[in-house]
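Structure first, commentary second.
A note on names: the letters A, B, ... follow the listed sequences, proteins ahead of strands, and every chain is numbered from 1. Since this is a predicted model, take the numbers as computed values, not measurements.
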Protein chains: 2
Amino acid sequence: MRILVLGGDGFCGWPTSLHLSDRGHEVTIVDNLSRRMIDLDLEVESLTPIRPIGERIKVWQQVSGQRLGFVNLDLATEYERFVGVLRSLRPDAIVHFAEQRAAPYSMRSTTAKRYTVDNNVRATHNVLAGLVETGLDAALVHLGTMGVYGYGWSGSAPIPEGYLTVKVPTPDGDIEREILHPANPGSVYHLTKTLDQLMFAFYARNDQIRITDLHQGIVWGTQTPQTSRDERLVNRFDYDGDYGTVLNRFLMQAAIGHPLTVHGSGGQTRAFIHITDTVRCIEIALANPPAGPKPMVFNQITETHRVRDLAKLVAELTGVEVANLPNPRREADENELNVRNDNFLALGLRPTTLSEGLLAECSDIAQRYRDRVDPTKIIARSVWRAGMATSPDLVGELPAR
Amino acid sequence: MRILVLGGDGFCGWPTSLHLSDRGHEVTIVDNLSRRMIDLDLEVESLTPIRPIGERIKVWQQVSGQRLGFVNLDLATEYERFVGVLRSLRPDAIVHFAEQRAAPYSMRSTTAKRYTVDNNVRATHNVLAGLVETGLDAALVHLGTMGVYGYGWSGSAPIPEGYLTVKVPTPDGDIEREILHPANPGSVYHLTKTLDQLMFAFYARNDQIRITDLHQGIVWGTQTPQTSRDERLVNRFDYDGDYGTVLNRFLMQAAIGHPLTVHGSGGQTRAFIHITDTVRCIEIALANPPAGPKPMVFNQITETHRVRDLAKLVAELTGVEVANLPNPRREADENELNVRNDNFLALGLRPTTLSEGLLAECSDIAQRYRDRVDPTKIIARSVWRAGMATSPDLVGELPAR
């Protein structure tokens with residue numbers, strides 16, 4: 001297949017591009033390098049030294065023999081150029097990662113809130129409008145988030161895959177209706193993914209665009225078989241308080257002897273997936289586009305854990321202590337979480353779950369690059385509302401090895 | 001109260017601004033005159049000769065003694081200037097009409113679809129972000145649409161005011177949950193109003209912004225007591241296939257002897273409200289802001305009618321014939337509609353319903369300005385999907401009086 005990967009330079013986009021290229025697909029990355037620019041703005045860098053996109057692509061060709069296309073394009077603002085790409089490449093499928101993807105960053109400042117909404121909504125709508133305008137029948141796979149529903153809304157019922165059948169009271173008795181699972185976003189970032197869902201539902205119905213929305217859990221891990229082939233292909237590893245994901249942050253903290261930062265009680269239960277499963281799920285979704293006039297939703301997760309249990313696990317493996325810090329987010333202290341992921345399991349996903357081996361691999365990466373850590377970037381301080389308490393730095397300078 | 005009216009130069013915004021000013025409020029209009037610019041683009045004009053905003057404001061001061069402020073500002077793109085306005089004027093309340101408001105226009109072209117999404121989403125989000133950034137506790141009243149729910153979804157149950165209590169099945173039996181009424185938008189325009197709803201829900205919950213969302217029916221009529229005071233204060237009267245609303249279009253068509261254009265079967269039942277009730281509803285909503293952490297939703301409608309019944313009524317009153325034309329929209333041919341409007345009734349709205357007197361008033365306006373009609377702008381031709389049938393013009397030149 002000819003596949004466009006929108007946002008193909010990012011944490012999920014890059015390993016997905018390599019995985020799909022490795023499987024023989026003709027992959028073109030569309031990216032405006034915004035993720036790298038946000039790093040400049042935040043004065044932080046990926047723990048792993050990621051190479052410029054041109055070098056990444058050249059090295060991939062050396063090690064795999066496969067060519068990756070690349071177009072530097074701002075999907076939110078350069079619609080006409082995007083349509084030009086669609087017309088010239090005529091992709092069979094599009095994978096859409098081209099959105100600002102960090103909840104804390106989306107709450108950091110007015111500028112970041114506005115950027116997240118303006119960028120994400122326009123990017124998604126431009127993809128949909130471009131498909132309608134060109135008449136291309138490309139399947140669209142979008143990376144959404146588990147967080148669109150919030151946590152704990154549906155009682156003991158597991159979170160379904162997109163749709164929920166409810167009973168609506170009427171004067172003639174209850175009637176059953178299938179609804180998009182009600183949205184309950186916990187941040188401006190999550191909000192934009194709930195806006196995406198409504199745009200998908202409309203364009204699927206009105207224009208028969210074939211859309212798969214992947215409600216992904218929190219990704220952990222760094223490397224995939226493809227990104228491991230050469231150091232210059234290494235994937236991002238975000239550890240800062242805005243972009244770092246919780247388990248990777250714990251592993252980085254352990255690597256430098258920093259207390260494990262549990263913000264809030266740690267009673268938050270979240271869904272997780274390893275990066276190697278992310279890229280496989282995308283491939284499975286591409287191979288199984290929906291037929292009907294409504295988007296297909298997959299819960300892209302493999303397991304659930306409570307944050308404090310993950311901290312305890314890493315503490316026991318590594319001997320570092322746990323620090324309980326004020327939570328800058330407005331969220332429930334404790335929640336249960338029960339998520340269906342039948343769709344991916346039925347289509348052949350064999351989940352990669354938390355194991356000492358994988359934790360060790362990730363720890364190795366963290367150890368290897370530990371000298372790149374700036375300990376003043378670790379504490380999460382983007383507050384959900386002005387005036388909420390945050391913690392000072394726990395460690396002022398990088399401890400010696 | 002100091003009140004900002006965003007979009008205060010438009011069809012609902014202008015009479016609302018005058019009504020609120022007449023009641024002694026200190027009103028400032030914020031508008032980028034986009035509605036006038038779209039007329040230029042569509043090569044069509046309001047049936048009534050509307051005056052430049054500066055002249056409108058000057059005349060209002062002459063006839064009422066009241067000053068209206070005016071700021072020419074693009075709410076979607078000039079965020080910093082908007083925050084400057086908030087900080088200098090410190091409004092007690094904001095009325096938000098500043099969105100592209102025609103469903104047919106929103107489906108007319110890719111450019112119009114993208115403009116509708118980019119403008120409406122960013123405008124609404126900028127209002128919310130501006131309130132958070134400045135910390136102003138201004139109540140926000142937003143003009144939404146009845147069309148966010150689609151038609152016919154809830155069986156014989158009347159459409160509630162925003163929220164619906166449903167039963168969700170769980171392993172432990174059904175649990176009751178209040179949800180935002182599921183969205184089922186019929187156009188890109190309606191889609192943007194469903195996106196607004198989710199933004200409102202998030203900002204009300206996270207930042208305690210006090211929001212009232214008015215789900216308005218189709219407006220008819222032209223004049224209010226204030227816009228009637230001087231011909232130079234006259235309100236817009238849109239008759240073209242994109243912006244004209246159905247009943248006003250029928251009255252204009254009757255005035256020039258054009259067949260009444262029923263697109264589709266005419267079995268569509270829609271909710272209606274007269275422009276004089278629109279402005280009263282806004283005033284009532286401003287006086288009754290919500291207290292809690294969720295937006296208050298009012299159905300801003302006074303009656304429902306089937307399109308073919310309205311055509312029949314106007315045909316009988318005026319002797320013109322009815323023409324059944326292809327429907328450029330994708331919508332159900334027939335639907336029932338039962339809408340609750342308890343909130344406004346409880347707060348004192350006395351509905352102005354369809355009456356011969358009001359129809360005659362509107363007909364008079366249409367007769368008076370009939371020579372301004374361009375009959376080639378009457379047929380609705382913005383199709384919901386490429387290739388749908390449309391009607392040719394029924395009348396080539398304006399018939400003599």
Test log, rule side-chain contact (heavy atoms from CB on, under 4.5 Å), inputs V121(B) and R122(A): CA-CA 9 Å; V121(B) 171; R122(A) 289 188 295 171; over 6 Å; no
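- To the nearest 0.5 Å, atoms CG (L198(A)) and NE2 (H190(B)) are separated by 14.0 Å.
- The minimum heavy-atom distance between Y203(A) and L191(B), with the atom names listed, is CE1-CD2, 4.4 Å.
- Residue S156(B) comes nearest to D172(A) through the heavy atom pair OG-OD2, 2.6 Å, listed as atom of the first residue, atom of the second, then distance.
- When every heavy atom of N206(A) is checked against every heavy atom of W384(B), the shortest pair comes out as ND2-O, 2.8 Å.
- Chain B forms the most heavy-atom pairs under 4.5 Å with one residue out of L128(A), N126(A), D207(A), and that residue is N126(A).
- Proximity to chain B (any heavy atom under 4.5 Å) is restricted, for D174(A), to the side chain, taken from C-beta onward.
- Nearest heavy-atom pair, P169(B) versus T165(A), reported as atom, atom and distance to 0.1 Å: CD-O, 3.3 Å.
- Contact tally against chain B (heavy-atom pairs below 4.5 Å) for L180(A), T192(A), V168(A): the top residue is V168(A).
- Screening V117(B), T116(B), L195(B) for a side-chain contact (heavy atoms from CB on, under 4.5 Å) with H125(A), the sole residue that qualifies is V117(B).
- The backbone N or O of P185(A) lies less than 3.5 Å from a partner atom in the side chain of R205(B), making a donor-acceptor pair.
- With hydrogens and angles ignored, the 3.5 Å screen pairs no side-chain donor or acceptor of R385(A) with any backbone N or O of Q208(B).
- Heavy-atom distances place the side chain of L164(B), and not its backbone, under 4.5 Å from chain A.
- The two atoms that bring W153(A) and R177(B) nearest to each other are O-NE, 2.6 Å, heavy atoms only.
- For the options A183(B), S187(B), G135(B), heavy-atom pairs under 4.5 Å to chain A are most numerous at S187(B).
- Contact of M199(A) with chain B is made through backbone and side chain together, with heavy-atom distances under 4.5 Å.
- With a threshold of 4.5 angstrom between heavy atoms, R114(A) approaches chain B through its backbone and through its side chain.
- Considering all non-hydrogen atoms of both residues, I175(A) and G155(B) come closest at CD1-N, 3.9 Å.
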